[in-house]
2 protein chains.
Amino acid sequence: MALGEFELIYRYFSSHGRGDAVALGVGDDAALIDLRPGEQLVTSVDTLVEGRHFLESAFPEDIGFRAVATAASDLAAMGARPLGMTLALTLPEPEDLWLHTFSEGVARAARELSLPLVGGDTTRGPLTVTVQVLGGVVAGTALLRSGAVPGDQLCVSGTLGDAAAGLAVQTGRWSGSEDAADYLETRFLRPQPRLALGMALVDKATACIDVSDGLLADAQHLAAASGVAFEIDSTLLPRSPALQSLPDIDQQLRWALTGGDDYELLFTLPAGVSLPAGTSVIGCVRTGQGVTGDFEASETAGFQHF
Amino acid sequence: MALGEFELIYRYFSSHGRGDAVALGVGDDAALIDLRPGEQLVTSVDTLVEGRHFLESAFPEDIGFRAVATAASDLAAMGARPLGMTLALTLPEPEDLWLHTFSEGVARAARELSLPLVGGDTTRGPLTVTVQVLGGVVAGTALLRSGAVPGDQLCVSGTLGDAAAGLAVQTGRWSGSEDAADYLETRFLRPQPRLALGMALVDKATACIDVSDGLLADAQHLAAASGVAFEIDSTLLPRSPALQSLPDIDQQLRWALTGGDDYELLFTLPAGVSLPAGTSVIGCVRTGQGVTGDFEASETAGFQHF
């Protein structure tokens, strides 16, 4: 790891580089992380690119927070205990104010999500932010996409469609309540990965994925990995009061079905297993393949990265 | 992890995503890695940017190989056993031929360095390649930068200055033997991280770093972290026959002292401990601080990333 300008970032939150699992943080050739006996390492990487995953007008603090939160959502989807993260930042110019506010966003996410920053690299170039998250899970208990069986309940956490509506607020396409706008923007800019829920679902859920591409797209991934079909009842889709302030009910439904970036968990529970707090049943698992429901095919185009 | 176009890459080397430690590879929300009982996780991240870390004319296969090899060098410097890696690739257009040859380079490095690809993300944007490496080391035995003590021997693996000379070949600034040019270019384009040596140095070396920024720059890092001084004898610097074909002896010495990208290991050994094969003593450790030697101050400017 080249230190170089990474020190510019790290000095803003060196106190957040510490954590129970961090045996050696930033400053040597690599970091050292302790897992608990019997744990497997869980790891995933996500990149955000300016103009593609965030607007050029985005506040650096939001970019930093969101980069960490979206990566951490993959740990939640596996039921993993957060251990730490690394950050690879490419940026055009090392502007002190930009780095300061960006780092505050990273530091806030690191603190709130228990993900100490253990390493990183900074390079000069067009703005891209890559976060690698590290977690631990008792061997053999990780939540996979492949375990759903016919008869399971199909469930989701929180509410759906908020982030898509929040992006519409940002781009001037929101026609609902003004009071709702702030809430929805925050849902887009400051996603809350469901780490506690993911850990609580270990040994309960049969399959799990996070909703990043949109409910239908991610439901299709989950159904395909499990070799089953999902049937979704759109009247059961949890929608926030803010989203419901939008007069256009069809648009509410479209966002709830296909809007990306909510970072809720979509999971399956055996029949009879009671729902964790803050989650809803939205359908059921059947034999077959694909995702069906009481909605138009035209509403099924999810956001495709790249 | 968004699969998306990552499948474009992964399909070129899905067979290289397997490894002893890989419990779950690409295809779920995150990967699962097994460590051995008593091992700590070692992790580091490195980014290569077009125009900064490789020429725009570089072959995609070389870019792929080099991105993995340079990241893996941080595992070597810690004495870690390679477990796997993730790849975050940002590229302007998903051109099939480019991805094919790039992936061949990644696959070759994955195979040669025992680093199965366990996850990744692809995004559209200016070309940047970020590789995160994962390794394991018996808890408490990692090679750190901080353990050198006065009286130790200062040692380096392989030969120095070859990569800088290889870059000079690429940019038309080489005036040595034509026969040597191919060798030197390969040393730049296909660095060989010293993973086996790093593992062999565990419990022997007192401190270790990889030479990425140039011998003097990295020696300064190592000396500072250990709180000691190094004295280097430039007549002892190992130089390849290819580099020695250059008539300008001063230029040979400058590259050996300050040329980056060799990815050799610089380490300290207690007096009397015999040298591993393929390594040389280049100086000694003294009380004090900084790096001194029989060379001009003007030769001490190392390559600064960013």
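Because the structure is a prediction, the values reported are computed rather than measured. Chain identifiers are assigned alphabetically (A, B, ...) following the order of the sequence lines, protein sequences preceding nucleic acid strands; residue numbering begins at 1 within each chain.
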**Q.** B:Leu134 side chain reached by A:Leu41 side chain, heavy atoms, under 4.5 Å
**A.** yes
Q | Rounded distance (nearest 0.5 Å) linking atom CG of A:Leu83 with atom OG1 of B:Thr43 | A | 11.0 Å
Q.
At a 4.5 Å cut-off on heavy atoms, which part of A:Leu24 comes close to chain B: side chain, backbone, both, or neither?
A. side chain
Q: With sequence neighbours excluded, tell me which residues meet side-chain hydrogen bond (donor to acceptor under 3.5 Å, both in side chains) with A:Thr206.
A: A:Asp152, A:Thr268
Q: Answer yes or no: is there a side-chain heavy-atom contact under 4.5 Å between B:Asp29 and A:Arg145?
A: yes
(Q) My understanding is that only residues two or more places apart in sequence, or in another chain, count here; which of them pass side chain to side chain contact (heavy atoms under 4.5 Å, CB included) with B:Ala67? (A) B:Leu48, B:Val129, B:Val131
Q. For A:Asp28, which of B:Leu144, B:Asp74, B:Ile209, B:Leu143 qualifies under side chain to side chain contact (heavy atoms under 4.5 Å, CB included)?
A. B:Leu144
**Q.** Residue pair A:Thr128 / B:Thr123, side-chain heavy-atom distance below 4.5 Å
**A.** no
Q | Proximal component of A:Ala139, with respect to chain B [non-hydrogen, under 4.5 Å] | A | neither
Q) For B:Leu75, is it the side chain, the backbone, both or neither that has a heavy atom under 4.5 Å from a heavy atom of chain A? A) neither
Q.
Looking at every non-hydrogen atom in both residues, tell me the closest pair between A:Ala88 and B:Val45 and how far apart they are.
A. CB-CG2, 4.0 Å
Q: Give, as side chain, backbone, both or neither, the part of A:Leu32 having an atom under 4.5 angstrom from any heavy atom of chain B.
A: both
Q. What part of A:Ala142 gets closer than 4.5 Å to chain B, counting heavy atoms only: side chain, backbone, both or neither?
A. side chain
Q. Shortest non-hydrogen contact from B:Gln40 to A:Asp34?
A. NE2-OD1, 2.9 Å
Q) Is there a side-chain contact between B:Thr90 and A:Thr47 (heavy atoms, below 4.5 Å)? A) yes
Q) Do B:Thr86 and A:Gln132 come within less than 4.5 Å of each other through their side chains, counting heavy atoms only? A) yes
Q. With a 4.5 angstrom heavy-atom cut-off, which part of A:Val137 approaches chain B: side chain, backbone, both or neither?
A. side chain
